[in-house]
There are 2 protein chains.
Amino acid sequence: MDKAGFIAAADLQCQQQGVKLTALRRQVLELVLAHEGVVKAYQVLADLQRERGIAAPPTVYRALDFLVEAGLLHKVDALNGYIVCRHVGCCHEGLILVCSACGDVSEVDASPALDVLREQALLQGFAIRQQNLLLTGLCQACRV
Amino acid sequence: MDKAGFIAAADLQCQQQGVKLTALRRQVLELVLAHEGVVKAYQVLADLQRERGIAAPPTVYRALDFLVEAGLLHKVDALNGYIVCRHVGCCHEGLILVCSACGDVSEVDASPALDVLREQALLQGFAIRQQNLLLTGLCQACRV
DNA sequence: TCTTAAATGTTACTATATAACAACACCGTT
DNA sequence: AACGGTGTTGTTATATAGTAACATTTAAGA
Ligand SMILES: [Zn+2]
Ligand SMILES: [Zn+2]
Ligand SMILES: [Zn+2]
Ligand SMILES: [Zn+2]
């Protein structure tokens, strides 16, 4: 999906959720989209400062939190970063694959595996909530 | 396993790996063991300072990194913390369950689910390495 | 218009983690 | 014992990440 298409889909998704994709939030989303792969909050902050002259950390963190909450971004804890969700619109549980060699990130649907995990967790009395899994390894290009 | 037993097992495991569980590393491990659940680096640092009068962040981070590398601790990225591995000695891939309500953490073996995930990742040409999965949800006590 | 809730701005701070280099300890060799 | 190499720890400084608290602005209804 191209950038404009993604923004349109994001807009729609926000409407459906009854939340607002304000100008600031849209700008932050576009800044994230402008990067390949994982983006860090302070990178977005720097970009935002370049575009608007001034911005403080809370401004960026609020927008990023909103976008994660709205399902447009995923947080990648292991890297203190964010990625664009590649499955906006479809209800999904993502499997985020991070290449430890080149840093490349991809996302696939993980529903079947999640089912197995859910069952196993329930044996411990533990109810896992919907979420994305992060796995590290080597991408095709890097494991020649 | 009690604390002394764990330290003995840790010692053995380090010997087998040809690495050294030095006095400092052992002390840090004991400090982690002294807590229930997730421990943070700066908590360990504070504990260490109480016991030794002085210590700096690198001292703690090095020891924690070593212990993770040795398979005695797991890092819980989502919480910026560490937990004691409950499966020292047995080759395992852990499933770390974090309760979002009470913060409680437990660890079970995740090998079956990992097999599913490994297969699915391979479809993308992605070779995931051995690792632990972290899932958040509600523990038995918290989901009355 | 008036009221109110949400969103954003602003300041200041807390928390987490690492770089870089110095000092020391250990181990095997001469 | 002296030497040299390697790994460990000490030390200082700094980089990076994230949040609390409150002021101000904006948008939506009544
Ligand atoms: Zn997604
Ligand atoms: Zn790669
Ligand atoms: Zn474990
Ligand atoms: Zn709980």
Side-chain angles (χ1 to χ4, degrees), chain A residues 10-11 14-15 17-32 35 38-70 72-83 98 100 103 134, chain B residues 10-11 14-15 17-32 35 38-70 72-83 98 100 103 134:
Chain A
D11 237 326
C14 286
Q15 275 181 35
Q17 295 181 3
V19 296
K20 279 182 290 189
L21 187 62
T22 62
L24 172 64
R25 291 164 177 169
R26 178 188 313 246
Q27 185 175 12
V28 168
L29 180 55
E30 285 173 347
L31 290 172
V32 175
H35 290 270
V38 179
V39 191
K40 306 228 165 190
Y42 272 69
Q43 177 63 59
V44 174
L45 176 58
D47 294 347
L48 195 60
Q49 286 170 338
R50 198 159 351 87
E51 291 194 354
R52 315 202 320 167
I54 188 168
T59 300
V60 166
Y61 278 103
R62 284 173 189 146
L64 290 172
D65 287 348
F66 170 88
L67 294 168
V68 168
E69 191 64 27
L72 302 171
L73 301 182
H74 297 304
K75 185 159 203 314
V76 185
D77 282 316
L79 304 174
N80 294 324
Y82 300 82
I83 61 170
V98 181
S100 53
L134 186 141
Chain B
D11 237 327
C14 287
Q15 275 180 34
Q17 296 181 3
V19 296
K20 279 182 289 190
L21 188 63
T22 63
L24 172 64
R25 291 163 177 171
R26 177 187 313 246
Q27 186 176 13
V28 167
L29 179 56
E30 285 172 348
L31 290 173
V32 175
H35 290 270
V38 178
V39 191
K40 305 223 158 194
Y42 273 69
Q43 177 62 59
V44 175
L45 177 58
D47 294 346
L48 195 59
Q49 286 170 338
R50 198 162 350 88
E51 290 194 355
R52 314 204 320 169
I54 188 169
T59 300
V60 166
Y61 279 103
R62 285 172 189 146
L64 291 172
D65 287 348
F66 171 89
L67 295 168
V68 168
E69 193 64 27
L72 302 171
L73 301 181
H74 297 304
K75 186 161 203 308
V76 185
D77 283 316
L79 305 174
N80 294 323
Y82 301 82
I83 60 170
V98 181
S100 54
L134 187 141

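The chains referred to below are lettered A, B, ... by the order of the sequence lines, with proteins before strands, and numbering in each begins at 1. No experiment lies behind these values; they were computed from the predicted model shown.
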(request) Indicate the atoms forming the closest heavy-atom contact of His35(B) with Leu31(B), along with that distance. (result)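 For His35(B) and Leu31(B), the tightest heavy-atom pair comes out as CD2-O, 3.1 Å.
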(request) On DNA chain C, check which nucleotide each of Thr59(A) and Lys75(B) is closest to and give me the residue with the more 5' one. (result)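 It is Thr59(A), whose closest nucleotide lies nearer the 5' terminus.
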(request) Could you tell me from which nucleotide to which nucleotide of DNA chain D, 5' to 3', there is an atom under 4.0 Å from chain B heavy atoms? (result)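 Counting from the 5' end, contacts occupy dT8(D) to dT12(D).
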(message) Please identify the 5'-most and 3'-most nucleotides of DNA chain C with any atom under 4.0 angstrom from a heavy atom of chain B.
(response)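 The contacted stretch runs from dT16(C) to dA20(C).
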(message) For Gln17(B), I'd like to know if atom CD has over 12 heavy atoms of other residues, nucleotides or ligands within 6.0 Å.
(response)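 Check passes, neighbour count above 12.
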(request) Measure the spacing between NE2 of His74(A) and CG of Leu134(A) and express it to the nearest 0.5 Å. (result)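 His74(A) atom NE2 to Leu134(A) atom CG measures 11.0 Å (nearest 0.5 Å).
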(message) Going by side chain to side chain contact (heavy atoms under 4.5 Å, CB included), name the residues that satisfy it together with Asp65(B), two or more places apart in sequence or in a different chain.
(response)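 Once residues adjacent in sequence are excluded, the partners of Asp65(B) under the side chain to side chain contact (heavy atoms under 4.5 Å, CB included) criterion are Tyr82(B).
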(message) Using a 4.0 Å cut-off on heavy atoms, which residues in residues 19-29 of chain B reach DNA chain C? List them by number, or say none.
(response)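 Nucleic-acid contacts, sorted: none.
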(request) Give me the residues of residues 46-58 of chain A where at least one heavy atom lies under 4.0 Å from an atom of DNA chain D, by number, or none. (result)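 When residues 46-58 of chain A is checked for heavy atoms under 4.0 Å from DNA chain D, the hits, listed by number, are Pro57(A), Pro58(A).
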(request) Could I get the full list of side chain to side chain contact (heavy atoms under 4.5 Å, CB included) partners for Gln15(A), not counting sequence neighbours? (result)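 For Gln15(A) there are no side chain to side chain contact (heavy atoms under 4.5 Å, CB included) partners, ignoring immediate neighbours.
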(request) With sequence neighbours left out, write down each residue that passes salt bridge (Lys or Arg N to Asp or Glu O under 4.0 Å) with Lys75(A), or none if nothing qualifies. (result)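 Here the qualifying residues are Asp77(A).
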Quick one: side chains of residues 18-25 of chain A, donor-acceptor pairs under 3.5 Å with protein atoms, not counting sequence neighbours, listed by atom name and distance.
{"unit_1": "Thr22(A)", "atom_1": "OG1", "unit_2": "Arg25(A)", "atom_2": "N", "d": "3.4"}
{"unit_1": "Arg25(A)", "atom_1": "NH1", "unit_2": "Lys20(A)", "atom_2": "O", "d": "2.7"}

(message) Checking Val38(A) now: which residues fulfil side chain to side chain contact (heavy atoms under 4.5 Å, CB included) with it, not counting sequence neighbours?
(response)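 Testing Val38(A) for side chain to side chain contact (heavy atoms under 4.5 Å, CB included), a comparison that skips the adjacent residues, returns Leu79(A), Ile83(A), Val105(A).
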Under 3.5 Å donor-acceptor pairs involving side-chain atoms of residues 49-64 of chain A, not counting sequence neighbours:
{"unit_1": "Gln49(A)", "atom_1": "NE2", "unit_2": "Ala55(A)", "atom_2": "O", "d": "2.9"}
{"unit_1": "Arg50(A)", "atom_1": "NH2", "unit_2": "Asp47(A)", "atom_2": "OD1", "d": "2.8"}
{"unit_1": "Glu51(A)", "atom_1": "OE1", "unit_2": "Gln27(A)", "atom_2": "NE2", "d": "2.7"}

(request) Would you give the length of the straight line joining atom CG of Asp11(A) to atom CG of Leu29(A), rounded to the nearest 0.5 angstrom? (result)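 The CG atom of Leu29(A) is 9.5 Å from CG of Asp11(A), to the nearest 0.5 Å.
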